[in-house]
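All remarks here apply to the structure that follows.
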Amino acid sequence: MYDKERGLHIAHCTNGALSINGKMANRHGLIAGATGTGKTVTLQVMAESFCQAGIPCFMADMKGDLSGISQAGKMSGFIEKRLSEFGIENPEFQACPVRFFDVYGEQGHPMRATISQMGPQLLSRLLQLNETQDGVLNIVFRIADEQGLLILDLKDLRSMLDYVSKHAKEYTSKYGNVSSASVGAIQRALLQLENQGADKFFGEPSFDIYDLMQTEGGKGVMNVLAADKLMMQPKLYSTFLLWLLSELYSTLPEVGDMEQPKLVFFFDEAHMLFEGTSKALLDKIEQVIRLIRSKGVGIYFISQSPTDIPENILGQLGNRVQHALRAYTPKDQKAVKTAADTFRANPSFKTDEAIMNLETGEALVSFLDEKGAPSIVERAKILFPLSQIGAVTEGQRLDIIKQSRIYGKYDKMIDRESAYEILIREAEEAAAAEEGEETETKAKGKGKKAKEEKKNSGIMSKVLKAVITAVTSTIAAILGTIVSDKVTGKKTKSTTSKTGRVVKNATSAATRTITKELTRDILGNLTK
């Protein structure tokens, strides 16, 4: 609840209103507590206050409950009992301007990012790659950059992996070994990711983070991400939100200290962000959280226990709301002590005991003062929301989506020319060129064969002609001898001998002709 007198009014204690200082709202915060202690209502109350102050927010809706922020609330017996306690008369129930988003595009406007925007570091975390596979992925991105190939969606990345694998020897000396085993492992991980619906997230048009920073009628727009289905894929969920934070950090200009933040980002189920995270990525997250406040962005983590948050990051969360924790085991007791130690002690009560005895809707609250120092922790009751508690109907959700100013902007996926199309075209051109070379080689071979056959045919023709001439001469000689014998009536030994000589001479002549032609052909080939 926001008003000029009390500002960002969140809770009420025996000493009066507890409000977040607008100048310190970008110093981040934490909402913690066991399941069923009121964390979601606290988030809704905070978001409403920011909205009424003209500050847009982004929040993940795990169960659909936060969608009710789009509808005006109603008076109830519970709220009526609290009015006098909070010093509030005639509360003005009101809705917040809302835009629904959904990574899968089913319950809101689609939210997409390109593979290149995600980058190898976040993608490696999403695919759960080992160090070697992560190195191969970085090589693929470097080669794509050098060759001007855009990696926009999953098929682009698959094509690049296939290309690098086939040309691995060309890049080994420059970038290191690219094994087919590593490429195969990445391809399998991409297939699993695609089966989880990530193909709907990776692509264009990519989401413009400035669409999260809009106001309507002086109120900040509440950007509600439908995360009930996304929560079933925790790696995709946490990596997506981490990408969104990284985009905000890299895109927004430095603004320094402001009267109030430009955007407040609520990260529900925050423990997922840090599970299975490498130290390099954890350092990156810490850097983003530390520096993004200078861009006018406040980040509020929602989790069951402060121990879910790494100490280096927990120390940067100045605005705290701690709901009840249960301590049934030594581990739980340690978590309670850790939570108590993060507060500035109040001499009126023991913090660790109070944490275990808080009722639903009650919390230990400590916000930063004007100097940036945490205030003394107070045991307080969280205000009631002015908007509806609980989910909206499908019809109400659809009406809000269609009335949005960005309706239609992201609905249709665009598939422009990128690495996949270029590599396919180059492969087809290479195949066509290779086929052309084979055809030309075959044609040359056929021509040479035909020439040789023609030449051989000429030789055989000459040989045959020589044989025929020789045979004809022999027959003529024999006939001449026979006729002579008939005329003279003699058949002598000399005649027979003469006939033999004629045959022998004719055969020798034919042989000389054949030899002469073959020799000429062989010498001709040698001198070419």
Side-chain angles (χ1 to χ4, degrees), residues 10-15 18-21 24-25 27-47 59-60 62 238 264-275 277 282 285-286 289-290 293 298-369 372-383:
I10 306 299
H12 196 87
C13 68
T14 54
N15 294 325
L18 295 176
S19 302
I20 297 177
N21 188 306
M24 297 295 155
R27 301 295 178 93
H28 313 319
L30 173 69
I31 302 172
T35 302
T37 55
K39 297 191 301 293
T40 301
V41 172
T42 300
L43 190 162
Q44 188 168 341
V45 170
M46 276 192 182
M59 63 199 81
M62 301 300 179
S238 59
V264 173
F265 191 102
F266 291 98
F267 201 132
D268 203 356
E269 300 294 339
H271 64 279
M272 294 182 181
L273 179 63
F274 308 106
E275 288 180 351
T277 301
L282 195 61
I285 296 171
E286 181 184 348
I289 293 171
R290 185 175 67 252
R293 68 187 186 190
I299 302 171
Y300 288 72
F301 293 97
I302 298 91
S303 193
Q304 290 198 6
S305 172
T307 57
D308 295 333
I309 314 296
E311 289 186 8
N312 290 343
I313 295 175
L314 186 63
Q316 299 180 48
L317 311 182
N319 300 296
R320 304 279 185 88
V321 177
Q322 176 67 61
H323 288 277
L325 288 174
R326 311 306 178 199
Y328 301 116
T329 66
K331 183 179 179 181
D332 294 337
Q333 293 169 3
K334 183 179 179 181
V336 169
K337 187 178 186 307
T338 300
D341 290 343
T342 61
F343 288 104
R344 183 179 169 188
N346 188 327
S348 302
F349 58 85
K350 291 184 178 180
T351 307
D352 54 350
E353 292 181 1
I355 289 176
M356 293 186 289
N357 296 312
L358 292 170
E359 298 177 1
T360 300
E362 267 193 314
L364 297 183
V365 179
S366 174
F367 297 138
L368 297 177
D369 61 22
S375 62
I376 293 175
V377 65
E378 297 283 357
R379 183 169 180 169
K381 293 182 178 179
I382 304 299
L383 296 184

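Along the sequence shown, residues carry numbers from 1. Since we're looking at a predicted model, the values are computed, not measured.
Separation of atoms CG (Asn15) and OG (Ser348) is listed at 8.0 Å; rounding is to 0.5 Å. The distance from atom CG of Asn357 to atom CG of Asp352, rounded to the nearest 0.5 Å, is 10.0 Å. From Asp308, atom CG reaches atom CG of Leu273 across 11.5 Å, with rounding to the nearest 0.5 Å. Taking CD1 of Ile355 as the reference point, atom CG of Leu364 lies at 5.5 Å (rounded to 0.5 Å). Going from atom CZ of Arg320 over to atom CZ of Arg344 covers 14.0 Å, rounded to the nearest 0.5 Å. The NZ atom of Lys337 lies 14.5 Å from the CG atom of Leu325; values are rounded to the nearest 0.5 Å.
At least one side-chain heavy atom of Asn346 sits under 4.5 Å from a side-chain heavy atom of Glu378. Looking at heavy atoms from C-beta onward, Ile20 lies out of side-chain contact with Arg27 at the 4.5 angstrom threshold. Contact of the Phe274 side chain with the Ile309 side chain is registered, since non-hydrogen atoms from C-beta on lie closer than 4.5 Å. In this structure the side chain of Ile313 reaches within 4.5 angstrom of the side chain of Phe301, judged on heavy atoms. Residues Glu286 and Gln316 meet the side-chain proximity criterion, which asks for heavy atoms closer than 4.5 Å. Side-chain contact between Lys331 and Thr307 is absent, with no heavy atoms from C-beta onward closer than 4.5 Å. When side chains are defined from C-beta on, Gln322 does not count as touching Thr351, because their heavy atoms never get closer than 4.5 Å. Counting heavy atoms from C-beta outward, Ile302 and Leu43 have side chains that approach closer than 4.5 Å.
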Hey, mind stepping through Arg290 and Asn312 against side chain to side chain contact (heavy atoms under 4.5 Å, CB included) and telling me if it holds? CA-CA 10 Å; Arg290 185 175 67 252; Asn312 290 343; over 6 Å; no

Check the pair Gln304 / His271 against side chain to side chain contact (heavy atoms under 4.5 Å, CB included), numbers first and verdict last. CA-CA 9 Å; Gln304 290 198 6; His271 64 279; over 6 Å; no

Go through Phe267 and Ile289 one step at a time and tell me if the side chain to side chain contact (heavy atoms under 4.5 Å, CB included) criterion holds. CA-CA 12 Å; Phe267 201 132; Ile289 293 171; over 6 Å; no

Are Met24 and Phe367 close enough, and set up right, to give a side chain to side chain contact (heavy atoms under 4.5 Å, CB included), and what steps lead you there? CA-CA 9 Å; Met24 297 295 155; Phe367 297 138; over 6 Å; no

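The backbone N or O of Ile299 lies less than 3.5 Å from a partner atom in the side chain of His28, making a donor-acceptor pair.
If you run side-chain contact (heavy atoms from CB on, under 4.5 Å) between Ile382 and each of Ile31, Thr42, Thr360, only Thr42 comes through.
Contact between Met356 and Arg326 at its shortest, heavy atoms only, is O-NH1, 3.7 Å. Val321 and Ala363 get closest at one heavy-atom pair: CG1-CB, 3.6 Å. Looking at every heavy atom in both residues, Ala327 comes nearest to Gln333 through CB-CG, 3.7 Å. Nearest heavy-atom pair, Ser375 versus Ser366, reported as atom, atom and distance to 0.1 Å: O-OG, 2.7 Å. When all heavy atoms are compared, the tightest approach of Asn319 to Ala25 is ND2-CA, 4.3 Å. The two residues Ala380 and Val365 make their nearest non-hydrogen contact at CB-CG2, 4.2 Å.
Annotation: Glu275, atom CD; neighbour count of heavy atoms from other residues, nucleotides and ligands within 6.0 Å is above 12.
With 3.5 Å as the limit, one finds a donor-acceptor pair spanning the side chains of Thr329 and Asp332.
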